[in-house]
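Data block below; observations after.
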Amino acid sequence: MEEQIINQPTMSEPATVANIFFEPGRTFESLRIKPKFLMALLLTLVFSLGFMVMVSQRIGIGDYFVDQMKKSPQYEQMTIEQREPAIKFYKSPAFLGVFFGGITVGIVGLTFFGGLIYWLAVNAMGGTTTYLRGVAVWTYATFAPALVSSVANLAVLLLKSTDDIDPSAIFQKGGVIQANPTMFLDTSKMPVLNTLLASVDLFQIWGIVLAAIGLKVVGKLSTGSAWGIVLIFKLIVVAGSVAMVAIFGNGS
C-alpha cells in the first residue's frame, strides 16, 4: 500500500495552493501522498495580517480599543493616573506588536491544534492518517475561505469611505463584510443570537465542505464519518462560543 502511494505523482506546493480552489479532491489526494502545508499557512498569515495592517492604517486599531475601554463600566472606576497609561499603551507600537503577534500565534496555534483533532478523530473513526496529514487538511480547508474572505474584505475596506466603516463589525464579526444572516439583521443587542447566526457563514460552510472532502480522502474514511467529524467539531465550537457569550456578555 505504501509503495503504491509513493509511486503516485504528487503536486508541487504551489500547485496544491492553486488547485484547492478547483480540484479539492485531487489536491487532498496529493496531500495524502505527501503532506505539505507551509506555503498555504504562510499565505493565510500574510493575507490575514495584511488586512489588519490596512485596518490599522484606515481607522486605527489602538483608537478602537481606547473607545471600547471608555465604554466599559471599569473605565468610570479608574483614576486619571490609571487611565492615562492604559490609553498610551493602546496607542503605542508595543500594543500593535502584541496585537499582530497574537493574530500570528493564534492562527499557527489553531492550525496545529486543529490538525491534532483531525488526526485523533480520523483514527478514532477507523481511518488511517498521520498528524502532519491532519495539519495539512486543516490548513488547506481554512486557507481557501480565508484567502477569498481577506481579499473581499480588503477590497471593500479600500473602496469605502472611512466614515462608512464600522470598526465593531471588523473586530467583533471578523470583517467589513459578513457572509451570514447578521448582515441583514441588527443583532447588536442580542449577542447569543448574533453568535448563532454568525456561525451560518458562507466562508465557514465552504471550509466545512473542504474539510469533509479532505478527511475522506486523506483519512480513507466514508463520507458519513468524514462529515460526522467536521460537523461535531463545528457544533462543539459554536456551543462553546455561545456559552462564552452567554456568560461574559461579549458580542457585537
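Distance check, rounded to the nearest 0.5 Å: CG of Leu147 to CD1 of Ile20 gives 11.5 Å. Atom OG1 in Thr104 sits 4.5 Å away from atom CG in Leu49 (nearest 0.5 Å). To the nearest 0.5 angstrom, Ser222 atom OG is 11.0 Å from Leu215 atom CG. Distance CE/Met78 to CE/Met69: 5.5 Å, rounded to 0.5 Å. Asn19 CG to Thr27 OG1: the interatomic distance, rounded to the nearest 0.5 Å, is 4.5 Å.
Looking only at distances, a side-chain donor or acceptor of Gln82 sits under 3.5 Å from a matching main-chain atom of Thr79. A donor-acceptor pair is defined here as one N or O able to donate and one able to accept, closer than 3.5 Å; no such pair exists between the side chain of Tyr75 and the backbone of Arg83. Of the possible polar contacts, one joining the Ser30 side chain to the Met11 backbone as a donor-acceptor pair under 3.5 Å is found. The main-chain N or O of Lys220 is never found under 3.5 Å from a side-chain atom of Arg32 such that the two would form a donor-acceptor pair. No side-chain donor-acceptor contact under 3.5 Å links Ser56 to the backbone of Met52.
Considering Ile103, Val151, Val46, Leu157 as possible partners of Phe51, the one that fulfils the side chain to side chain contact (heavy atoms under 4.5 Å, CB included) test is Leu157. Residue Phe95 forms a ring-ring contact (aromatic ring centres under 6.0 Å, His included) with just one option from Tyr64, Phe100, Phe89, and that option is Phe89.
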Review point. Checking side chain to side chain contact (heavy atoms under 4.5 Å, CB included) for the pair Asp63/Lys91: CA distance, chi angles, key distance, verdict?
Key: CA-CA 7 Å; Asp63 292 336; Lys91 295 191 175 185; 3.2 Å; yes

Review point. Please walk me through it: do Thr142 and Leu110 pass side chain to side chain contact (heavy atoms under 4.5 Å, CB included)?
Key: CA-CA 11 Å; Thr142 54; Leu110 189 58; over 6 Å; no

Practice item. Under the side chain to side chain contact (heavy atoms under 4.5 Å, CB included) rule, what do Ile208 and Leu231 come out as? Steps first, then yes or no, please. Key: CA-CA 8 Å; Ile208 288 171; Leu231 291 178; 4.2 Å; yes

Practice item. Show your working on side chain to side chain contact (heavy atoms under 4.5 Å, CB included) between Leu45 and Val108 and close with a plain yes or no. Key: CA-CA 8 Å; Leu45 283 169; Val108 174; 4.0 Å; yes

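Taking every heavy atom of both residues into account, Ala212 and Ala226 meet most closely at O-CB, 3.4 Å. Taking all atoms of both residues into account, the shortest heavy-atom contact from Leu210 to Pro145 is CD1-CD, 4.1 Å.
Between Glu29 and Arg26 no salt bridge is recorded (no basic side-chain N to carboxylate O distance below 4.0 Å).
The ring pair (Phe, Tyr, Trp, His ring centres under 6.0 Å) contacts involving residues 143-164 comprise Phe21-Phe143, where partners must be two or more places apart or lie in separate chains. Within the structure, ring pair (Phe, Tyr, Trp, His ring centres under 6.0 Å) contacts touching residues 199-240 (residues at least two apart or in different chains) are Trp138-Phe233.
The 12-atom threshold is exceeded at NZ of Lys160, counting heavy atoms of other residues, nucleotides or ligands nearer than 6.0 Å. More than 12 heavy atoms of other residues, nucleotides or ligands lie within 6.0 Å of CZ in Phe65, so this atom counts as buried by the packing criterion.
Side-chain contact between Pro24 and Val209 is absent, with no heavy-atom pair separated by less than 4.5 Å.
For the residue pair Thr16 and Tyr140, a side-chain donor N or O sits within less than 3.5 Å of a side-chain acceptor on the partner.
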